[in-house]
Number of protein chains: 2
Amino acid sequence: MSNMGYAGHMELHEPELREVPVTAVLAALADDVRLQIVRALAQGGEYACGTFEFGVSKATRSHHLKVLREAGLTRTRVAGTSRYVRLRRDELDRLYPGLLDAVLAAPARA
Amino acid sequence: MSNMGYAGHMELHEPELREVPVTAVLAALADDVRLQIVRALAQGGEYACGTFEFGVSKATRSHHLKVLREAGLTRTRVAGTSRYVRLRRDELDRLYPGLLDAVLAAPARA
DNA sequence: GAGGTTGTTCGACGGATGTCGAACATGGGT
DNA sequence: ACCCATGTTCGACATCCGTCGAACAACCTC
């Protein structure tokens, strides 16, 4: 307590999108669970991690969110015990115009 | 010998693009060697398999070309002992408008 | 037909990846 | 203080994937 005020966090690794190889971005999108997460995020706004219930365990979900984050696809805000995730759509659309749209437009179950 | 004339080929598995899950298409593109091949093919026209010299063995090259073909990204024409590969760009652009352009526009080494 | 060319297939191997349960960390509530 | 809720991290495990050399298959040319 006292005045060391500061919500110690932990430097959430969020790379510059242009530092990430295209292949890494594509690889991040090339998984069913992660694609479902991205589809959800594409609705806009932020979502707590727990929002994503896609038939995998907490551990696995956490893993996938990490992959997305480290591929530069998402940004995470820490608030209390929750973490709020959002899509880095603007940056994505600027660096890879058309990519996200094309992927999202694809039929979900094909 | 005799008349059983017929250039037996072998049914080269080339799926309908819409039968291929998006994740498979993305996975096919999410490899450095394959992306180099796709970049080369994107120049247009057909190329014999041997054209692609990207520092991998014959076996590996063959493997990658198979992955691309089975992901619906390429079409292969058999001619004698050679095989000519070309990009299925039209179909790709129709089903995933913008995807290929975005990927190809990305810096080669990032 | 013998030999060369082109490409595929077959193990084998090592490294990456998806998955889980269990343990841990952190913060909110009562 | 205790407990609960939310997430992450840590092995562990199975599977997939990229890679290679060697063997094979098909074809062309002499």
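Nothing here was measured: the structure is a model prediction, and the numbers come from that model. Numbered from 1 within each chain, the chains take letters A, B, ... in sequence-line order.
As a whole-Å value, the separation of A:R69 CZ from D:dG7 P is 13 Å. To the nearest angstrom, P of C:dC24 lies 14 Å from NZ of A:K58. The NZ-C1' distance, from B:K66 to D:dC16, rounds to 15 Å in whole Å. Atom C1' of nucleotide C:dG18 and atom CD of A:E70 are separated by 16 Å, given to the nearest angstrom. Between B:L65 atom CG and C:dT8 atom C1' there is a gap of 11 Å when expressed in whole angstrom units. Atom CD1 of A:I37 is separated from atom C1' of D:dG7 by 13 Å (rounded to the nearest Å). The CZ atom of B:R77 sits 15 Å away from the C1' atom of C:dG7 (whole-angstrom rounding).
At least one side-chain heavy atom of A:L73 sits under 4.5 Å from a side-chain heavy atom of A:L92.
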Derivation and outcome, side chain to side chain contact (heavy atoms under 4.5 Å, CB included), residues B:R61 and B:E53:
CA-CA 8 Å; B:R61 185 211 318 153; B:E53 276 299 345; 4.3 Å; yes
Begin from the C-alpha positions of B:F52 and B:Y47 and carry the test side chain to side chain contact (heavy atoms under 4.5 Å, CB included) through to its verdict.
CA-CA 8 Å; B:F52 310 111; B:Y47 297 78; 3.7 Å; yes
What protein N or O atoms touch nucleotides 17-19 of chain D N or O atoms at under 3.5 angstrom, if any, and at what distances?
{"from": "D:dG18", "atom 1": "OP1", "to": "B:R34", "atom 2": "NH1", "distance (Å)": "3.3"}
{"from": "D:dG18", "atom 1": "OP1", "to": "B:R34", "atom 2": "NH2", "distance (Å)": "2.8"}
{"from": "D:dG18", "atom 1": "OP2", "to": "B:H63", "atom 2": "NE2", "distance (Å)": "3.1"}
{"from": "D:dT19", "atom 1": "OP2", "to": "B:H64", "atom 2": "NE2", "distance (Å)": "2.4"}

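Under a hydrophobic clustering in which Ile, Leu, Val, Met, Phe, Trp and Tyr are joined whenever their side-chain heavy atoms come within less than 4.5 Å, directly or via other members, B:L100 and A:L95 fall into the same cluster.
Residue pairs satisfying the salt bridge (Lys or Arg N to Asp or Glu O under 4.0 Å) criterion with at least one member in residues 20-30 of chain B, sequence neighbours excluded, are absent.
Considering only side-chain N and O atoms, A:R83 lies under 4.0 angstrom from the phosphate OP1 or OP2 of D:dT8.
Looking at B:D101 and B:R89, a side-chain N of the basic residue comes within less than 4.0 Å of a carboxylate O on the acidic one, giving a salt bridge.
In terms of polar N and O atoms assigned as donor or acceptor, the side chain of A:S62 never comes within less than 3.5 Å of the base of D:dT8 in a complementary pairing.
Nearer to the 5' terminus of DNA chain C, by closest-nucleotide assignment, is the contact made by B:S82 (compared with the other of B:S82 and A:G80).
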